[in-house]
Every structure is written in C-alpha cells, then in structure tokens.
Number of protein chains: 2
Amino acid sequence: MPVTIRDVARAAGVSITTVSHAFNGYEDVGDETKKRVLQVAKDLNYRPSRVARSLVLQQTQSVGLLISDFNANPGSNHFLFDVLAGIHNRLAELGYDVTLLSTTTARQQLISYIDFCTERRLEGVIVMGMRMDDPYMQEVADASLVSVGIDLPILSRHCGYVMTDNVGGAKQGVKHLLSKNHRRIGFVNGHLHAVVSIDRLRGYEDALQDEGIAVDPELIVHSDFLVEGGEKATAALLERRPDVTAIFYASDLMALGGMRHLQKAGRRIPEDVAVVGYDNVDVGQWVVPALTTVGQKRYEMGTSAAEMLVGMLQRKEEPRACVLQAEMVIRQSS
Amino acid sequence: MPVTIRDVARAAGVSITTVSHAFNGYEDVGDETKKRVLQVAKDLNYRPSRVARSLVLQQTQSVGLLISDFNANPGSNHFLFDVLAGIHNRLAELGYDVTLLSTTTARQQLISYIDFCTERRLEGVIVMGMRMDDPYMQEVADASLVSVGIDLPILSRHCGYVMTDNVGGAKQGVKHLLSKNHRRIGFVNGHLHAVVSIDRLRGYEDALQDEGIAVDPELIVHSDFLVEGGEKATAALLERRPDVTAIFYASDLMALGGMRHLQKAGRRIPEDVAVVGYDNVDVGQWVVPALTTVGQKRYEMGTSAAEMLVGMLQRKEEPRACVLQAEMVIRQSS
DNA sequence: CTGTTAGCGCATTCAA
DNA sequence: TTGAATGCGCTAACAG
C-alpha cells in the first residue's frame, strides 16, 4: 500500500525508467523532467522499496550482528553495548543496515545462524560476546560467510577479527607501577583457560623483565575475574607475601574485591599498597580511591570491526587481525 | 548465486509451486513428493529468500529498534542493553527480525526515521533511550507508524508504551524503611524537570502519609542523579537534619555518593543511617555494605514492548500503557 | 495432488 | 533523452 515507482511515473507523466534514473543519479535525464519527477515523488511521499531493490540488485546492503547468548555475559553488558554502538554507527555511515541475531533464538528455532543469514541474504556478520568454546564458534570459522569477530582470534579466508592487545595492556599497567618505584608487585590473574589471562600474564612478566626484575612465582595468584574471588586471592597473596607494595589485577572486579580486603586489613591505598585493575568498568571512577585501570577502546573496537567488514565486502580486502592498543586510565589508587 | 526455488524444483523433478507448498506447510502435497523435495532442498542447501518473500507478501516481518543517540546516555547503557536483549529475544520468538536504527545516523543522512522505516518496509518500531524533549519525539508521536516507546509516556492511535511505576517503586522503597521502624526518612531526589523525579516524590509522600506521618520539607533535598551530587546533597541534608535515621535516594549513584559521605562522617550504615537507592545498578551489589535498592525489570520491559508491538501488528490491538511494577532488592544497607 | 501463470517493486538492457 | 520489455525469487490464484 505504500506508493510505488509506478505511481510516481504516472503522476509525473513519465515512464518508470525515468523515475528510476532520476533517483539513482543517472545523467541522462532532462533537467526539467528530473526536477518534476523529484517534486512529484516528494509530494506523493514516495520512498523506493529496499526489498524490491535488494531483489533485483542481488544485494541487501545489510549485515548481521551476532551477540551470542544475550544473558550469558553478566558484567560485560556495558562492554557489548559500547561496541554495538560503534558497529552500528560506522556501519550506518557506510550505508549498511544491521540486523540483530543471537544464538539463543537460533538454537530455539533449530536453524544454524548461517541459514539465518542466507535466508535474509545478509552480506556478512559481526560476532561478539562469544566464547572460544561455544559450539557456534566452529560454524563461524568454517562458514564461507564473510565475518569479523570481536575478541575472537580466529583468522580464516573470510574471517577476520578485532581485539585489544592484552599483553601490551598488562605491560602498561605494570610499567605504570614500576614507574612509581614499586618493585614487589603482586599479580592476581584470572583462570588460565581464558586467553586473556595468558596474555596478561605475559605482559606482567615482560614488564618486569624489561626492568631486570625476576618474576617471583609467589607473587602470582589465580582467581576467577569476580569480586569475591579477588578478595580471597588478595588475602592469600598478602599472607604469603606481606611485603607487596602494589597489586595488579586482571580485572576491575577482582581489584574492587582486593581493595575491599586491603581496606579491611588496614592497608592504605595507594600509600601502603597501590592497586591497578583491568577493564575500565564504570564503577571504577566512583569507588574511593578511584581505581587506576587499563581499558579497551570499546567504541573504537566496534568502528574498526565495521570498517574491516565493509572492506572485505566492497574492496575484497583480505581478512586480518586488528589489534588495538589498550589505554591506561590513571586515577587515585596508584 | 544462492540456490533458488527453481533449482530445487528442477532437481526434484517437480514444479516450483510444489516446492513452495512443501516448504510452507500446505496439506496438498503428496507425502512422497514432499519428502523428496525437502531432501533435495537440503542436499542443495536451499534457503528460501526472505527478500523475495517479503516482496510478494508485502510484509517484511521485521521491525526497527530506534536507540536515540547511542552515546547520549552515559551510565544507562546497562539498562538499554538489558532492554535490548528482552526486545530481541521475544521478537525473535515471535518471528520478527529487528533492524538497528539511531537518530544520530538518521540526522547525518538527513532523512527522517520514518523515511528510513518506509524504505525498508519495517512494520513497526520500538523507541528507547530517547528523552521527552528530543525533537524526534514529535515525529514518533505524529507518525502513522506503529510504535512502542520505552519509558516514553506517549499514547496515540498507533503508539503505546512500556514503563515502570515510579510512584509505586518509591513507595515500596520508603515503606521498606518504615517497616524497619524508621520515622525520620530523608529523600534525595533528582532534578524536578525529569518526570521520574516527580513520580518518585509522589511515592515518597504517599508512603509517609499512608503511615500517618507528615511530610517534612526539610527532609527533602534535590540533586542531579549523580555520585558527587548525592554526596553533597547528603552533607546538606545531614547538616540541616542530623537526626535522620534513613535516607531514600532517587538514584543508586546518588546513594553511592551518599554512602561515601556517611562513612566519612563516621555514620555506620545501616545502624546509624539506613540507605536505599533506586535503579539497581550492578555496582550496588559490590559496595560495602551492599546497597538496598528498587530496580526496574529491564529484560521484562523489553519483552513487554515486543509483545505489545506484535499485538498491535498482528491482532490490531489498541496501543496501551503498560506499567510494570518496580522490584525491591533488599541488601545490607538498610 | 501438481503445474501454469501472473505479478510484488524495482533496475536494466535494448529500441525508439 | 525517454519508454517498453525482461527478470530478480517467490506466493497465490487458477486449471488440469
């Protein structure tokens, strides 16, 4: 029931070809005619149908945004939302629509996400919030669908990714502490079956070694990225090595837990023990003392992913690994 | 280049009608034929094109999700993301696709969001993150496009909304304090040109009056919803009325600021002063003492909006105001 | 039960 | 410079 190209043609007294040409920037339409057509179109409130256009052009100019399980990532919502904003804004600028997609609904509809994309003729997909051990992971890697992963280090012929340099990020965090003359720096890491934990450990070690400081295994303790875990880990660390003057945490949540314990234990922050976290969660700026941390450029991860995808789509660029630098946020806890 | 219905028909040795019927659950296809067709389709990896389907059916089965300015809502991202998850999941269950949309990109493309929706033949829109004074507001209200607002109390012939009962929410919060035998309860409200502030004030007053307690203007102070503001407001309140035994805040951030001040001032929470916030932000559960608060059912707001929209679309239901109950989250600060 | 035909709204040859 | 005709992949009358 919306007005079609035919309505406009009729009302303007021309053929549909002319209307089409007038709208699509062809040079072969008389100035007079063109003006009249455009005016009539406006009067009639005509809007060309993207679906008809997609059908004949055989391209939809739209991509999917696969957000794994929406609720499987408690605490990382702020992260996902910022990335989402970056993705959408850049993609919109580049002329692409984005359709939401989640594994939850795919699962319940018993159709693979590849099928979902095929049905809608989506030209590519950006995948985020997915863990490496997700069964859908394999599908993403194998599929011939052009895709870009966020924090998903998988590189294949049609599959690039964007992530943050965790080694470098951790290194920055520790170097910051070293620059404040700390020498006995504890490290509360996450569990080792997370890729980021391994990288952040590397960064911690690298930073120390760059300064000629030996890595002391007693200073390193593993936890689970969460508040309670960080609290317990800090207690354990302090018991084993009461002489630490600074602690680097692989997540802000653990750092918050750690600060809680330190304060209970009567240690002043940062005078007695300096604290640096990782993630740059919102809370960090509100606690006392405000948390120094190393964060990811979330919005920028989104725009980068968008640009990479469009590059692959339009200019047949090779998929690549885009590793963004982490950014140090220095506040009062260090 | 994807496989079409014709390819399947040819390969299965039937007409395209038969394939179409086999796929769309018609009863008039022989069991044998049907099985063969489906098998062939699977072998060929055939997926019916939604765009062709949309064109002929004159309906896209997809709706837009308008997220005002993505970055204009610092601090409310977790809120928007949860709502988004609810919207998407429910909409997917109901068979609708959701396309992202923001006023930022609309503005830069110089096209109204109505035009955007028309071009894509979107059947409806859900609007969120928009403030009442946004110029796009008018467009939403006027447009003949079926739409549902989140926290946007606008009701018109094709425009319903979902929001949380702020009067009731505040009432619950204060009643909770009353049940703990508090009688001198301070109220740190947000600025009065926000709708929610007015409602929450009503709730505060109602709760007191229900108990026969007179509202004491000295106990009410206004601030800006943020941490610093809450801190200052609390200081001012305590100075004026040092005898308060509890404070109700119109936002969690202000409550956090307030707790900071109370602790500095040597008041124990909740023994000397009990604290209740509003919003249920994530941080609340991690601070010490954990913050009692009244929150919105974010995910449910999303699912409700999705259901309302689909109801209006499929069953021509009248737009309505869906007001969800707030939910009390009782923790250690009260 | 199955096949033939027309047409959804548009872009694009090819003629005029 | 403009117009008539064809087809993108699919559904829906209608015929057989």
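No hydrogens, no waters, no symmetry mates; every other heavy atom, side chains included, goes into these values. Given the structure is predicted, the values throughout are model-derived calculations rather than measurements. Below, chains carry the letters A, B, ... as their sequence lines are ordered, and counting in each starts from 1.
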Exercise. Hey, are B:Glu327 and B:Lys297 close enough for a salt bridge, meaning a charged N less than 4.0 Å from a carboxylate O?
Worked result: no

Problem set entry | Spacing between B:Phe23 atom CZ and D:dA12 atom P, to the nearest angstrom | 15 Å

For this session: Please state whether the rings of B:Phe23 and B:Tyr46 are parallel, tilted or perpendicular, taking 30° and 60° as the class boundaries.
Result: perpendicular

For this session: Compare the minimum distances between each of D:dT11, C:dA11, D:dG3 and the side chain of A:Leu57, then state the nucleotide with the smallest one.
Result: C:dA11

For this session: May I ask you to test the B:Leu65-B:Leu84 pair for a side-chain heavy-atom distance under 4.5 Å?
Result: yes

For this session: From the options D:dC8, C:dT13, C:dT5, select the nucleotide whose nearest atom is closest to the side chain of A:Thr17.
Result: C:dT13

Seminar exercise, completed: Assign each of B:Ala52 and B:Gly13 the nucleotide of DNA chain C bearing its closest heavy atom; nearer the 5' end lies the nucleotide of B:Gly13

For this session: For D:dT2, take OP1 and OP2 only and decide whether either is under 4.0 Å from a side-chain N or O of A:Thr33.
Result: yes

Exercise. Would a 4.5 Å heavy-atom cut-off, applied to side chains only, mark A:Val3 and A:Arg6 as touching?
Worked result: no

Exercise. Among the nucleotides C:dG9, C:dT12, C:dG3, which one has an atom lying closest to any side-chain atom of B:Val14?
Worked result: C:dG3

Seminar exercise, completed: Closest to the side chain of B:Ser20, out of D:dT11, C:dT4, D:dC10, is D:dT11

Exercise. Are A:Tyr26 and A:Thr17 side-chain neighbours, meaning at least one heavy-atom pair lies under 4.5 Å?
Worked result: no

Problem set entry | Phosphate OP1/OP2 of D:dT2: any A:Tyr26 side-chain N/O under 4.0 Å | no

Exercise. Quick one: is B:Ser15 getting a side-chain N or O under 4.0 Å of the C:dG3 phosphate, OP1 or OP2?
Worked result: yes

Exercise. B:Lys35 NZ to C:dC1 P: how many Å, rounded?
Worked result: 15 Å

Exercise. Does OP1 or OP2 of C:dG9 have a side-chain N or O of B:Gln58 closer than 4.0 Å?
Worked result: yes

For this session: Could you tell me the separation between the CZ atom of A:Arg6 and the P atom of D:dG3, rounded to a whole number of Å?
Result: 15 Å

For this session: Check every atom of C:dA11, D:dG9, D:dC10 against the side chain of B:Ile5 and return the nucleotide holding the closest atom.
Result: D:dC10

For this session: Rounded to the nearest angstrom, tell me the gap between atom CZ in B:Arg10 and atom P in C:dG3.
Result: 14 Å

Exercise. For the side chain of B:Thr4, counting heavy atoms from C-beta on, which of D:dG9, C:dC10, C:dT12 is nearest?
Worked result: D:dG9

Exercise. A:Leu55 has an atom CG; how far is it from atom P of C:dC8, in whole Å?
Worked result: 13 Å

For this session: Nearest whole angstrom, please: distance from the C1' of D:dG9 to the CD of A:Gln59.
Result: 16 Å

Exercise. How many Å lie between NE2 on B:His21 and P on D:dC14, as a whole number?
Worked result: 13 Å

Exercise. Considering only C:dT5, D:dG7, D:dA5, which nucleotide approaches the side chain of B:Ile16 most closely?
Worked result: C:dT5

Problem set entry | Any A:Thr18 side-chain nitrogen or oxygen under 4.0 Å from OP1 or OP2 of D:dT1 | no

Exercise. Do the side-chain N or O atoms of A:Arg47 get closer than 4.0 angstrom to the phosphate oxygens (OP1, OP2) of C:dG9?
Worked result: no

Exercise. Distance check: side-chain N/O of A:Arg53 vs OP1/OP2 of C:dA11, anything under 4.0 Å?
Worked result: yes

